[in-house]
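Just so it is clear, the values below take in all heavy atoms, side chains as well, and ignore hydrogens, waters and symmetry mates.
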Amino acid sequence: MSEGEGWETERSTNMSIDEQRGRVFRGAVKYEGGEEDFVGIIQADGKGILISNEDGHVTGILTGPDEMEVCYVEGGDDAIATCSTMKRAQ
């Protein structure tokens, strides 16, 4: 949901991991209307993830070897809060 846009339906999102060193990684997310770079870390439990870009933050959990649930929040006048399940592309 975005304060400026109201309720929103799911949109197509692709996330790529371009580099990983231990639990720390970086990559880019592509979505309708743009692309943003991000940095992230897998928490010590091996399941929780935290991701940040210049606009907002993602929290999530790895639910299996090929799937994760993520929630994105962004503050400000155009605040956004959204959650989705992402699956590894085959």
Is there side-chain contact between M15 and M68, with at least one heavy-atom pair below 4.5 Å?
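Yes; the side chains approach each other to less than 4.5 Å.
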
Is M86 close to T13 at the side-chain level, that is, under 4.5 Å between some pair of heavy atoms?
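Side chain of T13 against side chain of M86, heavy atoms only: contact under 4.5 Å found.
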
Do you know the tightest heavy-atom contact between [X] and [Y]?
X   : Y   : value
K47 : I42 : N-CG2, 4.4 Å
Q20 : R23 : NE2-CA, 4.5 Å
Q43 : I49 : OE1-N, 4.2 Å
A81 : V73 : CB-CG1, 4.2 Å
D55 : E74 : O-CG, 3.4 Å
E35 : A28 : OE2-CB, 3.7 Å

Please round to the nearest 0.5 Å and tell me the distance separating atom OH of Y31 and atom CD of E36.
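Spacing of OH (Y31) from CD (E36) equals 3.5 Å.
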
Same cluster or not: [X] versus [Y], using hydrophobic residues (I, L, V, M, F, W, Y) connected whenever any side-chain heavy atoms lie under 4.5 Å apart?
X   : Y   : answer
Y72 : I61 : no
V70 : I17 : yes
L50 : V24 : yes

Backbone N/O of P65 and side chain of R88: donor-acceptor pair under 3.5 Å:
yes

Please determine whether the number of non-hydrogen atoms from other residues, nucleotides or ligands lying under 6.0 Å from atom CD of E19 exceeds 12.
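Yes.
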
Verify side-chain contact (heavy atoms from CB on, under 4.5 Å) between F25 and I51, making sure each step is shown before the conclusion.
CA-CA 9 Å; F25 56 92; I51 298 172; 3.9 Å; yes

